[in-house]
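Worth knowing before you read on, the calculation uses all heavy atoms, side chains too, and leaves out hydrogens, waters and symmetry mates. Here, residue 1 is the first one in the sequence, and each next residue gets the next number.
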Amino acid sequence: MSTFKLNTVHTPDVTGDTSTDIWERYQTGIQRAEAGGAVTKVSALSVAESAQHIGRPLLCHATRLNTRYIPDGFCWDEGDDRSSNYNNTGTDPGGWVPQGLTASHDSDNADGTINGRHVYLASWYRGKNGSQNEFARVSFVKNTGSSTAYGHVLLVEPTLDGSFTAVTRTHTDGMVWYGNRLFVANGGELQVYDMRHIWRMGSSSERVGVANGVSSARWHAWAMPMIGRYWTGDRQNPRGCQAATGSWVCLGSLSLDRTGKDVLVSGEYRSPAAGAGGRVIRWPLNSSTALPESGSGAGIATSTAEEGYTTPVWAMQGVATDGTYYYMSGQCPPGWNGDVPPDHEDAFSCIHRARKEEAPHVFTMAPRMTQNLSYSRFSGRLWGLNEKINTAEGDRVVFSIDVAP
């Protein structure tokens, strides 16, 4: 296995769209929507404590996590556990699939909680009959260890008339809660939301937007408007980026490194057919603006990555660091799943660990199709979630393991 080391890969700019003032247009749209009275601002904690959905406070499926690391976590309710984008039946065919994970341990630099509560956020995309990226949502979860409650928030795009539309063509590959910001990765695009603008809807219907002074968000009780965007490549087709080819970096998984200067860590997913070589990129953050750091000093402008690495882990779906080690979720080496091939849908994932310029090794096996990872510097635990689709029984968990020495 090749080493996990600093590469000479070009670390391109993430550019704010100042040419069309999209940030100003979003801000104006948000102000008009809130002034019009069709939406009401609420807190992240209130959404989590709404108990719109009741999860299960323990790991309810097999995970293969090494018991040495004291696995813990929770499960979704049965509907979200079994939701599938391959569903093509019913009055509203389709389903939601989880991808990104972040938490109050990312957001807050004091004790890792919101008013003493541990809050977790998971991003989902929706599709039907095998399609993807039709809509996007975020789950706000309060987990106490003995109870799990959560609510779903639709991601929307504000319009200048004080209304909004659903965010589409978004895979919600990864997510980080940083201060008041919520970063959502979408291939060649970094979407930015603001946790101070979470809207309670006035009605529940399929319609998305404001009509006759009443807001609705496709049967969601809440919606969250985008405040800005950055791109690493084609602004018209961010889903078209090809991982580990050329200078266009794909923003797949996201995590936050607060062990020194605040850094956003992105990881690229490459298909099993493409093999190893996914890139891990470190993007400096400006703690005063809670945005990517700008070389010009402006709040919204071009930001350049500070380091880039490649990894030999196949099909890397998540990456996080505790400041010493990098943890990467991906395929297990051949043989770890017995006779099941590493890229089979029934194969369990592995979390690999490495220091810079050292060869990674398997730290532990992990749930099938493990996605994003998130490290809590407060507890010394590594969090993750998986997307496995099994409509008959369900197979999804949100888990954590103790990686402290």
Side-chain angles (χ1 to χ4, degrees), residues 26 29-30 32-34 36-42 44 46-48 50-55 76-100 121-141 149-173 175 182 184 186 189 191-195 197-227 229 239 387 389 391:
Y26 283 163
I30 290 170
R32 289 174 177 173
E34 293 175 353
V39 300
T40 304
K41 290 197 294 182
V42 299
S46 71
V47 174
S50 70
Q52 179 192 65
H53 295 263
I54 302 298
W76 308 105
D77 69 14
E78 290 190 6
D80 290 328
D81 194 358
R82 301 176 184 181
S83 176
S84 170
N85 64 313
Y86 284 88
N87 176 35
N88 60 358
T89 62
T91 57
D92 183 32
W96 295 90
V97 181
Q99 294 289 298
L121 273 58
S123 63
W124 308 62
Y125 70 81
R126 182 182 169 86
K128 60 178 179 291
N129 203 22
S131 69
Q132 300 180 357
N133 315 332
E134 294 181 355
F135 301 100
R137 76 180 184 193
V138 175
S139 301
F140 289 66
V141 186
Y150 61 97
H152 297 311
V153 178
L154 188 72
L155 297 183
V156 299
E157 188 173 355
T159 55
L160 283 174
D161 61 357
S163 185
F164 52 90
T165 60
V167 173
T168 60
R169 299 175 61 200
T170 298
H171 199 69
T172 66
D173 304 79
M175 189 168 56
L182 183 66
V184 176
N186 183 38
E189 172 185 61
Q191 300 174 355
V192 186
Y193 300 82
D194 193 313
M195 301 293 280
H197 298 281
I198 303 171
W199 293 340
R200 185 171 65 243
M201 296 292 96
S203 66
S204 177
S205 70
E206 187 176 11
R207 176 178 50 81
V208 178
V210 177
N212 299 319
V214 180
S215 59
S216 183
R218 204 174 188 278
W219 299 297
H220 287 70
W222 306 274
M224 189 174 188
M226 192 183 304
I227 68 165
R229 290 175 133 121
R239 297 304 309 163
E387 69 167 349
I389 300 169
T391 55

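Side chain of Ser83 to backbone of Asp80: no donor-acceptor contact under 3.5 angstrom is found. Proximity of a side-chain donor or acceptor of Ser163 to a complementary backbone N or O of Gly209 within less than 3.5 Å is not detected.
Checked by atom type, the side-chain pair Asn133/His171 shows a donor-acceptor distance below 3.5 Å.
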Decide salt bridge (Lys or Arg N to Asp or Glu O under 4.0 Å) for Asp194 and Lys41; before the verdict, give the C-alpha distance in whole Å, the side-chain angles of both, and the deciding distance to 0.1 Å.
CA-CA 11 Å; Asp194 193 313; Lys41 290 197 294 182; over 6 Å; no
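Within the 4.5 Å cutoff, no side-chain heavy atoms of Arg137 are placed close to those of Arg126. Side chains of Met195 and Phe140 form a contact here, defined as non-hydrogen atoms less than 4.5 Å apart. Contact annotation: the side chain of Met224 never approaches that of Val138 to less than 4.5 Å [non-hydrogen atoms, C-beta and beyond]. Arg82 is not listed as a side-chain neighbour of Asn87, based on a closest heavy-atom distance of 4.5 Å or more.
For Trp124, the side-chain hydrogen bond (donor to acceptor under 3.5 Å, both in side chains) test picks out Ser139, with sequence neighbours left out. Residues meeting the ring pair (Phe, Tyr, Trp, His ring centres under 6.0 Å) test with Tyr150, sequence neighbours left out: His53, Trp76, His152. By the salt bridge (Lys or Arg N to Asp or Glu O under 4.0 Å) test, Arg207 is found to be paired with no residue, residues two or more places apart in sequence or in another chain being considered. Among residues two or more places apart in sequence or in another chain, the side-chain contact (heavy atoms from CB on, under 4.5 Å) test is passed with Asn129 by Asn88. By the side-chain hydrogen bond (donor to acceptor under 3.5 Å, both in side chains) test, Tyr26 is found to be paired with Glu157, Arg229, residues two or more places apart in sequence or in another chain being considered.
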Can you give each donor-acceptor pair under 3.5 Å made by side-chain atoms of residues 197-204, sequence neighbours left out, with the distance rounded to 0.1 Å?
{"residue": "His197", "atom": "ND1", "partner": "Glu34", "partner atom": "OE2", "Å": "2.5"}
{"residue": "Trp199", "atom": "NE1", "partner": "Glu34", "partner atom": "OE2", "Å": "2.9"}
{"residue": "Ser203", "atom": "OG", "partner": "Ser215", "partner atom": "O", "Å": "3.0"}

